[in-house]
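Since this is a predicted model, take the numbers as computed values, not measurements. Excluded from the calculations below are hydrogen atoms, water molecules and symmetry mates; all remaining heavy atoms, backbone and side chain alike, are included.
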Amino acid sequence: MPRRTRIAVAGAVAGALGLAVAGMGVADAATAPPPLAFTMATPNVLAERYVYDGEAYLDFDLGVNVIAGRDPLEIRAKRSSYAKPITAEQIVRRNGKKKAVALPAGMVTGWGGLKNFTTITLRNAAGKQVAAYQTDFCPNAYESARTRRDAPAQNPYPRGCSDSPFNLGAVWGIQAGWNAPVASLPPARGFDLADGAYTATVSVNKKYRDYFKVAAKNATLKLNVTVKTVDDGKDEEAAVARIRAARAGDDTAEAAAVAEHGEHAGQGDESRQVSAYRPGFRPPAKRPKTVKASAVAKGPRPDLRSLPAWGISLSQEDKKWYVNFGATVWNGGSSPLLVDGFRRTGTERMDAYQYFFDAKGKEVGSVAAGTMEWDAREGHRHWHFTDFAQYNLLKADKKVAVRSGKEAFCLANTDAVDYTIPNAKWRPDNTDLSSSCGQNTAVAVREVLDIGNGDTYTQDRPGQSFDITSLPNGTYYIEVKANPAHKLAELSTKNNTALRKVILGGTPAARTLKVPSVNGLD
């Protein structure tokens, strides 16, 4: 999710260490820029301090960026299974050819990007160190921009680094001549500073200086930081959201508000649609002729795969106990899953059709694929494709104990699960509910799950989460099942189901929940 930058600019300053020369800005850089340049937007930054109910935290963006040189910075991280460690390679260009070079051990240990890329130190006006921490670096910037006039017009790399524990492959990159911001805040967001003037020193750590050949003198920036309290707790709702974001380490307070209210990862403003202004998301003017799946020539197909449930927690509401969880179904196939819905006039139901494509992306046919229905409930108010997935809580003998009431879904590319597979869509358009789920006045909608992308729903509402109030203590399994009625044609149905073990305990008044890890993953 993009950050909102708050930078106090004193003069038009662009410090581009290793890139700019005297009298020249970033856009006027030399014709042979270094592979990476460490830059700042301004030497003067405002750090906003928020306080609510005795708690406070800082929110600031130092405006420090990394700019790629003549060639893009591209890194691919992958693991063959959850039991295997993540390995990472840099894709380098030599004599017009691409070559994969293994990154040194320790640079990539998770899905957040390069581990401990920078060290940030803050000192007060007296020169005393008041904070010091390291930050990871995600090259996939939401707010990346072209910083040299000769740079390519488009950035092919994904937006953001996914934090799902069950990712399988990631692609991180900065387009040549484009920028990516360096993280400004510590991972835990757990420190506070009094109002006043400070000096921040941001340095690229030695192992990265050595590997990327950044001269030590060009790898450190100093900035003036002014801390000012801007929220005294009068806006209670906003303050609470910000404190929650700080505790969780989210990138923005807005993310916390979304997580509180949205059933669907990435849910946003539903007043617009991708299909309203992107031709690729507009369904045809009329429904296709009904054909049998066997009539469509064999070729590329989606492959729906379920990840183990994650983000599992226990909650109590109205004297009932619930198990909440996140569930992700992703497309690991050779074709996007594209489903169009056509409204039955005068009703709140649509007939759905799945479309197929050849290896060149040309549409070659379609088949009937069930229905879509309008969901008028608060927090939904969009069209759901029915029977996309099913969630069950199974007993130890794998028989159903509780079934989630959530069975219809709006498809959206909310998570990058494996961008290293062939033809993965690195920059999907429909990434939240505002994209292509449609309004009640729609006569047709198009919903898409692209290759390499997952669709995550957070089940934390009664009727969707599992009511375990009357269940005895013991071992259970959360079952995530994709395409349960087999209404969608795909490469395989053998990977449609994933199980996650949970253990219920405690007493009726104080239930407990244990969630064993999956190969060390929580």
Side-chain angles (χ1 to χ4, degrees), residues 79-86 110-111 162-169 248 259 262-266 303-317 320-332 387-407 409 414-418 449 453-484 492-506 511-522:
R79 59 184 168 201
S80 56
S81 73
Y82 297 135
K84 299 293 184 180
I86 299 171
W111 302 109
S162 176
D163 60 358
S164 169
F166 295 104
N167 288 344
L168 291 168
E263 60 151 0
H264 198 306
D303 187 11
L304 299 179
R305 307 179 186 184
S306 295
L307 298 184
W310 55 287
I312 303 169
S313 64
L314 187 68
S315 65
Q316 188 178 31
E317 184 175 337
K320 290 186 176 183
W321 291 94
Y322 296 93
V323 169
N324 311 304
F325 60 99
T328 305
V329 174
W330 71 287
N331 181 5
D387 295 319
F388 175 70
Q390 185 182 94
Y391 310 138
N392 299 310
L393 183 65
L394 308 181
K395 295 181 287 189
D397 61 4
K398 307 296 175 63
K399 293 182 179 180
V400 176
V402 183
R403 173 163 290 174
S404 169
K406 181 67 176 174
E407 294 183 348
F409 304 81
T414 65
D415 295 87
V417 177
D418 192 349
L449 188 60
N453 288 274
D455 189 3
T456 297
Y457 272 83
T458 300
Q459 306 301 308
D460 58 1
R461 298 176 178 178
Q464 296 181 14
S465 54
F466 298 125
D467 183 349
I468 54 92
T469 307
S470 61
L471 293 184
N473 292 340
T475 297
Y476 295 84
Y477 295 89
I478 297 176
E479 179 186 49
V480 179
K481 182 185 293 185
N483 194 18
S492 173
T493 57
K494 294 181 179 180
N495 49 21
N496 285 27
T497 300
L499 301 179
R500 186 73 188 273
K501 183 178 180 179
V502 297
I503 302 170
L504 298 179
R511 300 301 299 265
T512 63
L513 175 71
K514 293 182 179 179
V515 185
S517 65
V518 177
N519 297 121
L521 304 175
D522 295 323

With rounding to the nearest 0.5 Å, note down the distance linking [atom1] in [X] to [atom2] in [Y].
X	Y	atom1	atom2	value
Lys514	Thr475	NZ	OG1	10.5 Å
Asp455	Asn331	CG	CG	11.0 Å
Leu168	Lys84	CG	NZ	14.0 Å
Tyr477	Ile503	OH	CD1	8.5 Å
Leu449	Thr414	CG	OG1	8.5 Å
Tyr457	Phe388	OH	CZ	8.5 Å

Can you find a pair of side-chain heavy atoms, one from [X] and one from [Y], that are under 4.5 Å apart?
X	Y	value
Leu394	Val400	yes
Arg511	Leu513	no
Leu471	Tyr476	yes

For the residue pair Thr458 and Asp460, confirm or rule out a side-chain donor-acceptor distance under 3.5 Å.
->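 There is no such pair between these side chains.
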Looking only at non-hydrogen atoms, find the nearest pair between [X] and [Y] and report the distance.
X	Y	answer
Trp321	Thr469	N-OG1, 2.8 Å
Ser465	Val323	CB-O, 3.2 Å
Tyr82	Asn519	O-CB, 3.3 Å
Lys481	Pro484	CD-CB, 3.8 Å
Ser162	Ser164	OG-N, 3.4 Å
Arg500	Ser517	NH2-CA, 3.9 Å

Look at the side chain of Tyr391 and the backbone N and O of Ile478, then say whether any donor-acceptor pair between them is shorter than 3.5 Å.
->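 Side chain of Tyr391 to backbone of Ile478: no pair is present.
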Dump the intermediate steps for side-chain hydrogen bond (donor to acceptor under 3.5 Å, both in side chains) on Asp415 and Thr456, then the final yes or no.
-> CA-CA 7 Å; Asp415 295 87; Thr456 297; 2.6 Å; yes
Residue pair Phe325, Val502: steps toward the side-chain contact (heavy atoms from CB on, under 4.5 Å) verdict = CA-CA 11 Å; Phe325 60 99; Val502 297; over 6 Å; no
Identify every side-chain donor-acceptor pair in residues 304-314 under 3.5 Å, counting partners at least two apart or on other chains, and give the distances.
| residue | atom | partner | partner atom | Å |
| --- | --- | --- | --- | --- |
| Arg305 | NE | Asp303 | OD2 | 3.1 |
| Arg305 | NH2 | Asp303 | OD2 | 3.2 |
| Arg305 | NH2 | Gly332 | O | 3.1 |
| Ser306 | OG | Val480 | O | 3.3 |
| Ser306 | OG | Ala482 | N | 3.4 |
| Ser306 | OG | Asn496 | O | 2.5 |
| Trp310 | NE1 | Thr328 | OG1 | 3.1 |
| Ser313 | OG | Asn324 | ND2 | 3.4 |

